[in-house]
Amino acid sequence: MTSMSRARVARRIAAGAAYGGGGIGLAGAATVGLVLAEVQLARRRVGNGTSPHVPHADGLYGRGRMYAGTAGVPLRLTMLGDSTAAGQGVHRGGQTPGALLASGLAALAERPVELRTVATPGACSDDLDRQVALVLAAPGPVPDICVIMVGANDVTHRMPATRSVRHLSSAVRRLRTAGAEVVVGTCPDLGTIEPVRQPLRWLARRASRQLAAAQTIGVVEQGGRTVSLGDLLGPEFAENPRELFGPDSYHPSAEGYATAAMALLPTVCASLGLWPAEEERPDASRHEGFLPVARAAAEAASEAGTEVAAAMPSGPRGPWALLKRRRRRRVPEQEPAPAAPSN
């Protein structure tokens with residue numbers, strides 16, 4: 001499928017989500033049914049994690065980073081979504097994506113970061129309504145930044161893509177209206193799950209990328225930013241699956257989560273105005289630039305680690321977006337400080 005074809009499919013799904021349309025909008029109901037059967041078989045074969053336990057990671061990171069001008073007030077980071085946002089599959093809190101992002105953000109912002117996780121293993125996008133309600137009902141200020149990682153369960157549970165995108169767009173809109181910045185890690189590539197065989201591996205990849213592209217359009221149109229998770233490492237992931245999958249061959253390993261966090265961290269920092277100004281300009285040598293949002297979404301879905309953010313409000317082919325391929329920086333693993341989070 002060409003980039004233009006992927007863009008048309010993504011736009012159709014996003015439009016259906018916005019205007020209440022139905023239809024599965026992915027690779028077809030029969031195809032996704034086959035993908036579902038194969039992925040569910042794979043999950044039964046490898047298990048659903050070495051343990052359903054998700055390490056506790058909430059707390060204060062970078063406690064010693066009390067710099068002039070911040071008065072020691074921490075930035076507030078909240079993780080929403082499914083098991084990948086919660087960090088299922090690793091043993092220690094410091095290995096979860098939330099902890100890795102909080103540690104990296106604290107280092108780059110030079111101030112402490114308070115992490116809260118409302119992400120739930122097994123969640124689909126329709127659970128975001130409940131999760132956002134928890135975030136907005138919590139005492140204290142609204143989070144400075146919310147990171148959402150969701151989509152894989154939507155594909156395996158055959159949720160219509162229009163419905164999936166509608167729930168995600170609503171979540172982003174509510175959080176942005178409340179004053180939080182939002183970064184979404186789009187649907188990962190289910191074609192990388194080892195026990196899924198060809199040709200269903202290709203079909204799973206196609207369905208995942210179609211949903212990721214449609215998610216990008218919905219998020220950007222609501223004022224959020226997206227980072228394509230894809231296969232997390234591109235060719236490296238396929239070459240080193242044993243290192244980058246967890247023991248269940250379904251959830252990422254600690255190294256896989258670190259890679260995802262490295263891909264998300266620059267966008268998290270940029271959304272808070274903390275990324276170097278010179279790196280905010282599009283770099284033509286890296287094939288960055290302004291594109292119609294559907295085209296940017298399709299390109300991002302094909303390359304893990306690509307950011308899409310809103311740009312000029314409209315153009316001849318609708319809204320435009322800025323596509324960025326940011327440099328990844330290693331995020332150190334860090335356990336939270338023993339002090340309780342401040343309110």
Side-chain angles (χ1 to χ4, degrees), residues 1-21 23 25-26 125 128 146-151 154 160-177 180-189 206-230 263-264 266-268 270-271 275 280-284 286-326:
M1 184 182 289
T2 67
S3 176
M4 292 302 294
S5 297
R6 288 193 298 268
R8 283 194 295 271
V9 172
R11 168 54 69 191
R12 205 159 49 238
I13 295 170
Y19 297 107
L26 292 172
S125 292
L128 292 176
C146 292
V147 175
I148 303 173
M149 300 168 71
V150 74
D154 297 34
T162 50
R163 181 181 170 202
S164 175
V165 174
R166 188 180 304 125
H167 283 291
L168 177 58
S169 299
S170 174
V172 174
R173 180 172 61 253
R174 292 170 64 192
L175 293 169
R176 292 289 293 130
T177 299
E181 297 293 336
V182 181
V183 172
V184 175
T186 55
C187 181
D189 184 356
R206 183 184 178 194
S208 304
R209 288 183 176 182
Q210 286 182 0
L211 179 56
Q215 287 177 317
T216 295
I217 296 173
V219 170
V220 170
E221 289 183 343
Q222 297 301 329
R225 302 187 188 210
T226 64
V227 177
S228 56
L229 295 183
L264 288 162
T267 301
V268 167
S271 70
W275 205 243
E280 289 304 290
R281 293 186 292 271
D283 185 344
R286 294 163 61 84
H287 304 288
E288 298 177 345
F290 298 96
L291 294 168
V293 65
R295 172 100 177 272
E299 291 202 13
S302 300
E303 183 177 346
T306 305
E307 174 191 321
V308 180
M312 56 194 76
S314 62
R317 285 175 284 179
W320 283 58
L322 173 61
L323 185 144
K324 293 279 294 178
R325 294 177 170 89
R326 296 186 184 276

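Side-chain atoms of L175 and I148, non-hydrogen and from C-beta on, do get closer than 4.5 Å to each other. Contact of the S170 side chain with the L128 side chain is not registered, since no non-hydrogen atoms from C-beta on lie closer than 4.5 Å. Q215 has its side chain within reach of V150: a pair of non-hydrogen atoms, C-beta onward, lies under 4.5 Å apart. Within the 4.5 Å cutoff, the side chain of L211 has heavy atoms near those of the S164 side chain.
Between D189 atom CG and R206 atom CZ the span is 13.5 Å, to the nearest 0.5 Å. Here R225 contributes atom CZ and L322 contributes atom CG; the two are 8.0 Å apart, rounded to the nearest 0.5 Å. Distance CG/L168 to OG/S125: 5.5 Å, rounded to 0.5 Å. With rounding to the nearest 0.5 angstrom, the CD1 atom of I217 is 11.5 Å from the OG1 atom of T186.
Closest non-hydrogen pair, A212 versus A301, comes out as CB-CB, 4.3 Å. The shortest heavy-atom contact between F290 and W320 is O-CZ3, 3.4 Å. Here the shortest heavy-atom pairing between L323 and A300 reads CD1-N, 4.3 Å. Heavy-atom minimum distance, G218 versus S169: CA-OG, 3.4 Å. Nearest approach of A321 to V220, heavy atoms of both residues: CB-CG1, 4.4 Å. Minimum interatomic distance between A296 and V308 (heavy atoms only, all atoms of both residues): O-CG2, 3.9 Å.
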Check against side chain to side chain contact (heavy atoms under 4.5 Å, CB included), Q222 and V182 = CA-CA 10 Å; Q222 297 301 329; V182 181; over 6 Å; no
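A distance-only check finds a donor-acceptor pair linking the side chain of E288 to the backbone of D283 [under 3.5 Å]. In this structure a side-chain-to-backbone donor-acceptor pair under 3.5 Å is missing from T306 to S228. Side chain of K324 to main chain of R281: a donor-acceptor pair is present (N/O by atom type, distance under 3.5 Å, no hydrogens or angles).
Residues T267 and E307 have side chains that bring a donor and an acceptor to within less than 3.5 angstrom of each other.
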